[in-house]
Amino acid sequence: MPGYVLTYFPVRGRAESTRLLLADQGASLTDVEVPLADWFSGKTDLKKNAVFGQLPKFQDGEFVLYQSNAILRYLGHKHGLAGSNDKDTARIDMVNDGVEDLRQKFSKLVFFEFETGKENYIKNLPNQLAPFEKILSQNSNGTKFVVGDKISYADYNLLDILHCHLDLSPTCLTAFPLLAAYTERLAARPQLSAYLKSEKRNKRPITPKHKQ
């Protein structure tokens with residue numbers, strides 16, 4: 001299989017869940033990093049040529065795709081990570097939409113309200129995490145994945161946003177034993193574990209304003 005190409009900024013951001021998926025699946029990926037200064041100055045034509053004026057940009061041979069969740073769904077279907085039947089596929093999509101809702105709230109905090117809103121955000125975080133704990137509890141008592149007995153693209157997206165919140169508040173999963181165990185279980189998958197420990201992963205901040 002020819003390798004994939006992912007073009008994004010030198011951060012984890014909205015590209016990281018794709019990186020997690022591909023690392024875990026043992027797929028070849030070339031990361032093309034675009035300096036933020038080049039993006040905003042117009043030095044590169046990437047912004048002008050992007051469908052919605054945004055990154056990440058994903059390439060599978062001559063096929064080009066934008067929008068992080070569309071990329072995840074595409075790879076989920078291509079690699080058999082999108083459910084084994086219509087109902088499971090719909091449930092996986094539902095969970096992924098829930099992750100997107102949480103990601104937007106996290107992004108709003110980091111980019112616009114970090115100094116003034118961090119305390120209230122963390123205080124309210126249990127209300128945001130509780131639905132995911134409940135979803136896990138309804139599938140094999142939380143011992144497997146968000147849907148069924150096979151990992152899905154939504155699992156990689158959820159793992160990434162949980163990592164973001166653990167960085168923000170290391171104790172945020174204390175009241176959620178299923179989510180805590182789930183995060184550790186997924187991170188222990190051999191190829192995923194190797195990526196999570198890699199220099200290329202750990203040199204990237206979560207966002208441009210979120211230094212390690």
Q: Group every Ile, Leu, Val, Met, Phe, Trp and Tyr by side-chain heavy-atom contacts under 4.5 Å, then state whether Phe52 and Val64 land in the same group.
A: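 Yes, it is one cluster - the side chains of Phe52 and Val64 are joined through contacts under 4.5 Å.
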
Q: Check whether any side-chain heavy atom of Ser169 lies under 4.5 Å from a side-chain heavy atom of Tyr121, and answer yes or no.
A: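 In short, these two side chains do not touch, never coming nearer than 4.5 Å.
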
Q) Side chain of Ser140, backbone of Gly142: donor and acceptor closer than 3.5 Å? A) no

Q.
Quick check: do Leu179 and Leu129 have side-chain heavy atoms less than 4.5 Å from each other?
A.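 Counting from C-beta outward, Leu179 and Leu129 do come under 4.5 Å.
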
Q: If the plane angle is over 60° it's perpendicular, under 30° parallel, otherwise tilted; pick one for Phe9 and Trp39.
A: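 Aromatic pair Phe9/Trp39 classed perpendicular.
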
(Q) Can you see whether Tyr153 engages Asn69 through a side-chain donor-acceptor pair at a distance of less than 3.5 angstrom? (A)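 No, no side-chain donor-acceptor pair sits under 3.5 Å.
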
Q) Tell me, do Val147 and Ile92 make a side-chain contact under 4.5 Å, heavy atoms counted? A) yes

(Q) So Glu100 and Arg14, do their side chains get closer than 4.5 Å, heavy atoms only? (A)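 Result yes, sub-4.5 Å side-chain heavy-atom pair found.
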
**Q.** Side-chain heavy atoms of His163 within contact of Leu159, under 4.5 Å
**A.**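 With C-beta onward as the side chain, the pair touches.
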
Q: Ignoring hydrogens and angles, tell me if any N or O in the side chain of Ser193 forms a donor-acceptor pair with the backbone of Arg189 under 3.5 Å.
A: no

Q) Are Leu55 and Leu20 co-members of a hydrophobic cluster defined by side-chain heavy atoms under 4.5 Å apart? A)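 Result: no, two separate clusters.
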
Q: For Asn85, look at atom CG and say whether over 12 heavy atoms of other residues, nucleotides or ligands are found less than 6.0 Å away.
A: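 Counting other residues, nucleotides and ligands, CG of Asn85 exceeds 12 neighbours.
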
Q: Would you check, one step at a time, whether the test side chain to side chain contact (heavy atoms under 4.5 Å, CB included) holds for Leu102 with Phe132?
A: CA-CA 11 Å; Leu102 182 54; Phe132 298 105; 4.0 Å; yes

Q: Answer with yes or no whether the side chains of Asp155 and Ser152 bring together a donor and an acceptor at under 3.5 Å.
A: yes

Q. Which heavy atom of Leu178 sits nearest a heavy atom of Asn141, and at what distance?
A.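 Closest heavy-atom pair between Leu178 and Asn141: CD2-O, 3.6 Å.
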
Q: Measure up the Phe58 and Tyr4 rings against each other and bin them: parallel (under 30°), tilted (30 to 60°), perpendicular (over 60°).
A: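 Tilted, since the angle between the ring planes falls between 30° and 60°.
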
Q. Taking side chain as C-beta onward, heavy atoms only, is Leu166 less than 4.5 Å from Thr171?
A. no

Q) For the hydrophobic clusters of this structure (ILVMFWY residues joined by side-chain heavy atoms under 4.5 Å, transitively), does one cluster hold both Val34 and Val5? A)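 Unlinked, Val34 and Val5 end up in two clusters.
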
(Q) Donor-acceptor check, side chain of Asn202 to backbone of Ser198, threshold 3.5 angstrom: yes or no? (A)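 Indeed, once roles are kept as given, a pair shorter than 3.5 Å links the two residues.
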
**Q.** Closest non-hydrogen atom pair, Ala70 against Leu65
**A.** O-CD2, 3.6 Å

Q. Tell me, do Pro208 and Leu36 make a side-chain contact under 4.5 Å, heavy atoms counted?
A. yes

Q) How long is the gap from NZ on Lys57 to CD on Gln54, to the nearest 0.5 Å? A)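 If we round to the nearest 0.5 Å, Lys57:NZ and Gln54:CD are 14.5 Å apart.
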
(Q) Run the side chain to side chain contact (heavy atoms under 4.5 Å, CB included) test on Arg204 and Tyr8 for me, step by step, so that the C-alpha distance in whole Å, both residues' side-chain angles and the decisive distance to 0.1 Å come before the verdict. (A) CA-CA 11 Å; Arg204 297 187 186 107; Tyr8 196 57; over 6 Å; no

Q) Does one side chain, of His79 or Tyr74, offer a donor that lies under 3.5 Å from an acceptor on the other? A)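 Their side chains do not contain a donor-acceptor pair, so the 3.5 Å distance test is not met.
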
Q: Work out which heavy atom in Ile151 is nearest to a heavy atom in Leu81; give both atom names and the distance.
A: O-CD2, 3.6 Å

Q. Just how far is it from atom CD of Gln59 to atom CG of Leu6, taken to the nearest 0.5 Å?
A. 9.5 Å

Q: Report whether Ile122 and Ile206 are members of the same hydrophobic cluster (ILVMFWY, side-chain heavy atoms less than 4.5 Å apart, transitive linking).
A: yes

(Q) Between Asp60 and Phe63 (side chain of the first, backbone of the second, donor and acceptor by atom type, cut-off under 3.5 Å), is there such a pair? (A)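 Judged by distance alone, no pair lies under 3.5 Å.
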
Q) Should Arg103 and Asp160 be marked as a side chain to side chain contact (heavy atoms under 4.5 Å, CB included) after you check the CA-CA gap, both sets of side-chain angles, and the distance that decides it? A) CA-CA 10 Å; Arg103 188 178 297 280; Asp160 177 53; 2.9 Å; yes

**Q.** Heavy-atom pair of closest approach, residues Arg73 and Asp93
**A.** CD-OD1, 3.6 Å

**Q.** Exercise: identify the closest heavy-atom pair between Tyr66 and Pro56
**A.** CD2-O, 3.6 Å

Q: Examine the side chains of Tyr156 and Gln25 and answer whether a donor and an acceptor come within less than 3.5 Å of each other.
A: yes

Q: Starting at CZ of Arg201, measure out to CG of Leu192 and round the result to the nearest 0.5 Å.
A: 8.5 Å

Q.
Can a donor-acceptor pair be found, under 3.5 Å and without considering hydrogens, that links the side chain of Arg185 to the backbone of Lys144?
A. yes

Q.
What's the separation between atom CG in Leu125 and atom CG in Asn120, rounded to the nearest 0.5 Å?
A. 12.0 Å

Q.
For Tyr195 and Leu29: C-alpha separation, side-chain torsions, deciding distance, then whether side chain to side chain contact (heavy atoms under 4.5 Å, CB included) applies.
A. CA-CA 12 Å; Tyr195 170 72; Leu29 173 66; over 6 Å; no

Q) Which distance, rounded to the nearest 0.5 Å, do you find between the OH of Tyr182 and the CG of Leu162? A) 7.0 Å

Q. Is there a path from Met94 to Ile161 through hydrophobic residues (I, L, V, M, F, W, Y) whose side chains come within less than 4.5 Å of each other?
A.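 Result: yes, single cluster for both.
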
Q) What distance do Asn139 atom CG and Asp149 atom CG have between them, rounded to the nearest 0.5 Å? A)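 Rounded to the nearest 0.5 Å, the CG-CG separation comes to 8.0 Å.
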
Q) What is the minimum heavy-atom distance between Gln191 and Gly26, and which atoms define it? A)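 Result for this residue pair: OE1-CA, 3.5 Å.
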
Q: Would you confirm whether Glu33, through its side chain, and Pro10, through its main-chain N or O, come within 3.5 Å as a donor-acceptor pair?
A: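 No, the answer is negative, given that no donor and acceptor are paired below the 3.5 Å cut-off.
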
Q | Residues, nucleotides or ligands: over 12 heavy atoms within 6.0 Å of Gln104 CD | A | yes

Q | Heavy-atom side-chain proximity of Pro177 to Glu133 below 4.5 angstrom | A | yes

